Structures are given as C-alpha cells and as structure tokens.
Amino acid sequence: MRQQNIVILPGDGVGPEVTAEARRVLEWFIARRGLALRLDAYPYGADAYRLHGQVLPKETAEAIRTAHAILFGAMGGTDGDAIPREARVAGGLPQLRRSLELFANLRPIVTIPALYESSSLKNRLLPGVDFVIVRELIGGIYFGKPRGIETLAKGERRGFNTQTYTSSEIRRIARFAFELAGSRRRQVCSVDKANVMEAGVLWREEVQALRDAEFPDIALRHMYVDNCAMQLVRAPAQFDVIVTDNMFGDILSDCAAMAAGSLGMLPSASLGAVDQAGRRAALYEPVHGSAPDIAGRGIANPLGAILSVAMMLRLSLERPEDAALLERAVEAALVSGARTADICEPGMPAVSTSEMGAAVIAALERLQ
Ligand code: IPM
Ligand code: MG
C-alpha cells in the first residue's frame, strides 16, 4: 500500500493539545488497522511567527501543497496582536483556505444521546438530528473587494466590506451540496438573504436553476438566514443538507453546534475540487478555534479534532469502515462517562484532554 502524507499543523491556543490527541488516534489506526500514513508536524501561527518571522513559513507552505491531507488545530492566540496585521492576514486561515482553493466546508451536526443533557436545547428536539452545513469557504464578504477602513471629511471613519458571488462560485458549492445530499436524505435547504441583498437574489436563482437542470431528484427549499437561525434552535431535526455562503455558514455553524452539546464536539472538512489525478486538497479541523482562555491547561475537548480524523478517514483516505469505527468509539467513550469540562454535567467529574483521548483509544481497542 502506498504511503500517504498527512501534514499536521497544531497551530495556536488549544490547537496543539487537541491535535496531539487526534494524532494519537491516527497512530492507533496506523498500528492496529494497517494504515500506511506518514505524519509530519509543521509550524503555523503565532509560534511560527515568533520562531521564523512568518505565520506560514515557507517549508510549511510547501508541505501542505503536496500533502494528501492536512490536520489542523487552530490559529490565533492571545499574542495575535504582537504580529503585524499584514503578516497575520497574509498567513491567516482564510488565506490558507483560499490558496488551496478549499471552497467547500463541511460541518456535520449529529446529536449523541449521551450528550443530550449537555445541549442547551430541550431533549425532545434532539433525536434524529443529523445534518451537514455546507459553507462556501473562499468567497463572499470575507474576501470581497473593495474593503477597508477609510477616513472621511471631519475625521469621521468608514469601514466597508463587499458581499460578492459569481454564478460559477454559487454553482460550484451548490453542486457539491446536491451531490452530498444524493448520498443522504436528498434534501437541500439553501440559505440566503435574498429579500435584502442582490447577491442573495443571484444565489437563490443559481441554486434553483442548477437543481432544476441537473438534480431533479433532490428536494430543494430556500430559507432566509434569519429564519434559518431560528429554525436551527426550534426544530434542528428538519435539516439534511444546508448550503450557504461564507459568512452565514460561519455564524449558523456555531449556532447549530449547541444541538451537538458543545462547539468542542464539531469537526469539519474543507475540500477543493477533484483534480485530473482524482485527488482533492483537504484540510480537517475542529470548528472551535484557538480558545486562548483555556489554552495550555489540558482541559480542551479533543473530540472535535478526533472526529475530524474520522472525516479524513472517510473523505481523503477511503476508509469508511475505519471512520465509522472511530465515530462509534467516540460515542462509546462518552457512554462510558468521559466528559471534558465543556460537556460535563453538574456534579460529574471532568476529564482532561489527554484522558479523553485515552478513553477514545480504549474504546477503539474494545470495538475493533
Ligand atoms: C471558522 C472561524 C474562522 C472563519 C476564523 C477563525 C477566521 O470562525 O472556521 O468558523 O471565520 O472562518
Ligand atoms: Mg467560525
């Protein structure tokens, strides 16, 4: 079996702590399930800037370009302000995603009965919640130009950004969502703000036209983003695939996370287009971010990172059975009572980041 290169970017904040556990899990699959992987960690983020003068050092940039898949922790620490804005933006996560053309960001939200009590939603809303937010990741208002802060007459200042989408950008992400829905429950909900924004009008028209022309067997409905935010907390089980733009997907995925019990539970995959050789660039990361307030204390929840490894097994390594095994092991670890602080119920003892990693490894040993 040919060896595949996995590049690990632990990054900042809690990134190194959670990726250490995700790495242990990958090492378990190498040792026990015969995966032929090479794991190499590279510097990226605030530490990289301190050591190499760049947020994204050259050797890291080269490594990720040839990687079979990237496992990323988080970026943006408390000392982020010590990095000049230009260097931070140039090496930042949005630019990294864009340089690899990772246009499709998948954020699955699945509820696990063992965590119903950790959710801020009522238990009766949680059975059957199993949906994916497909967020367009390299366009829209986070990248649109013009952008900036300008000074007007009399010292008044004006900050501005531009929401922009072309029809091909919209169709690219919509096609991804329809194809994904085809392997699921065949329902797509497209989210926009077409009642106010022209970019939303175009979004809606293009998504509908693509559905009508190429995906007649997929049920499509459109929803305004404000309504969607409400529906996610009112009746989250109604969704199968949600497709939306960069900013709306960013916001809705944090909101949806609470159905799963904690933002710390959410994995993600950011994917590029399949090239001629059949390969696609792929970056896997927990959704939670660097959480500088708890960094270095060994209390972060590593399950978002570990479940990102499950997504990697399924989407980049063609190991769907191993992906399912890992997801079952995460659930078993939770059923056995392992809880990090973010998902701990009152009166329950919380385990550390590495104890949670160990609980998942123990469950893998039991279940394999
Ligand atoms: C996310 C994060 C990032 C984003 C930040 C850290 C740039 O919030 O992945 O959701 O806005 O995409
Ligand atoms: Mg976000």
Side-chain angles (χ1 to χ4, degrees), residues 9-16 18-19 22 44-49 55-56 64 70-81 83 85-109 131-144 147 161-165 169 173 191 225 228-229 232 242-260 262-272 281-295 300-301 303-305 307-308 311-312 342:
L9 307 178
D12 303 327
V14 298
V18 298
T19 44
Y44 176 56
D47 278 348
Y49 184 80
V55 175
L56 178 63
I64 60 178
I70 303 162
L71 177 67
F72 171 57
M75 97 165 265
T78 36
D79 52 356
D81 292 343
I83 304 173
R85 195 183 140 73
E86 218 167 89
R88 201 170 42 186
V89 171
L93 184 56
Q95 282 308 327
L96 177 71
R97 291 164 171 166
R98 189 150 149 129
S99 71
L100 296 170
E101 286 194 76
L102 305 172
F103 69 94
N105 180 225
L106 273 68
R107 298 186 163 183
I109 288 105
F131 64 93
V132 185
I133 297 180
V134 176
R135 167 187 176 194
E136 199 293 324
L137 199 57
I138 56 173
I141 197 164
Y142 289 2
F143 292 96
R147 62 188 297 162
N161 293 85
T162 305
Q163 168 76 323
T164 154
Y165 273 106
E169 287 172 326
I173 193 69
V191 174
V225 62
C228 183
L232 281 170
I242 292 175
V243 62
T244 190
D245 76 15
N246 199 345
M247 181 165 72
F248 296 158
D250 186 17
I251 297 168
L252 294 177
S253 56
D254 271 35
C255 173
M258 286 318 295
S262 162
L263 191 54
M265 291 300 300
L266 249 58
S268 78
S270 303
L271 304 175
L283 180 146
Y284 298 87
E285 60 172 306
V287 176
H288 55 63
S290 62
D293 51 326
I294 60 162
N301 185 348
L303 294 181
L307 289 168
S308 299
M311 295 188 82
M312 180 192 289
D342 59 318

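Given the structure is predicted, the values throughout are model-derived calculations rather than measurements. Counting starts at 1 for both ligands and their atoms, in listed order.
- Once rounded to the nearest 0.5 Å, the distance linking OG1 of T244 with CD of E136 reads 10.0 Å.
- Only the side chain of R135 comes within contact range of ligand 1, with a heavy atom under 4.0 Å; no backbone atom does.
- Considering only non-hydrogen atoms, atom 11 (O) of ligand 1 lies nearest to D250 out of N105, L263, D250.
- Within D250, the N, O or S atom at minimum distance from the Mg ion (ligand 2) carries the name OD1.
- Comparing heavy-atom distances from atom 3 (C) of ligand 1 across R107, R97, E285, H288 singles out R97 as nearest.
- By the 4.0 Å heavy-atom criterion, V287 is excluded from the residues contacting ligand 1.
- Shown in contact with Y142 at under 4.0 Å from a heavy atom are these atoms of ligand 1, numbered in order with element: 11 (O).
- For the pairing with P267, the side-chain contact (heavy atoms from CB on, under 4.5 Å) check across E285, M312, M311, R107 returns one residue only, M311.
- Comparing G249, G289, P94 against atom 7 (C) of ligand 1, the shortest heavy-atom distance belongs to P94.
- Residue Q163 qualifies as enclosed at atom CD: its count of foreign heavy atoms under 6.0 Å is above 12.
- Ranking protein heavy atoms by distance to atom 6 (C) of ligand 1, first place goes to L93 CD2, 4.4 Å.
- Taking each heavy atom of Y284 and L271 in turn, the nearest pair found is OH-CD2, 3.9 Å.
- For the pair H288 and V14, the minimum side-chain heavy-atom distance is below 4.5 Å.
- Across L137 and L102, no two heavy atoms sit closer than the pair CB-O, 3.3 Å.
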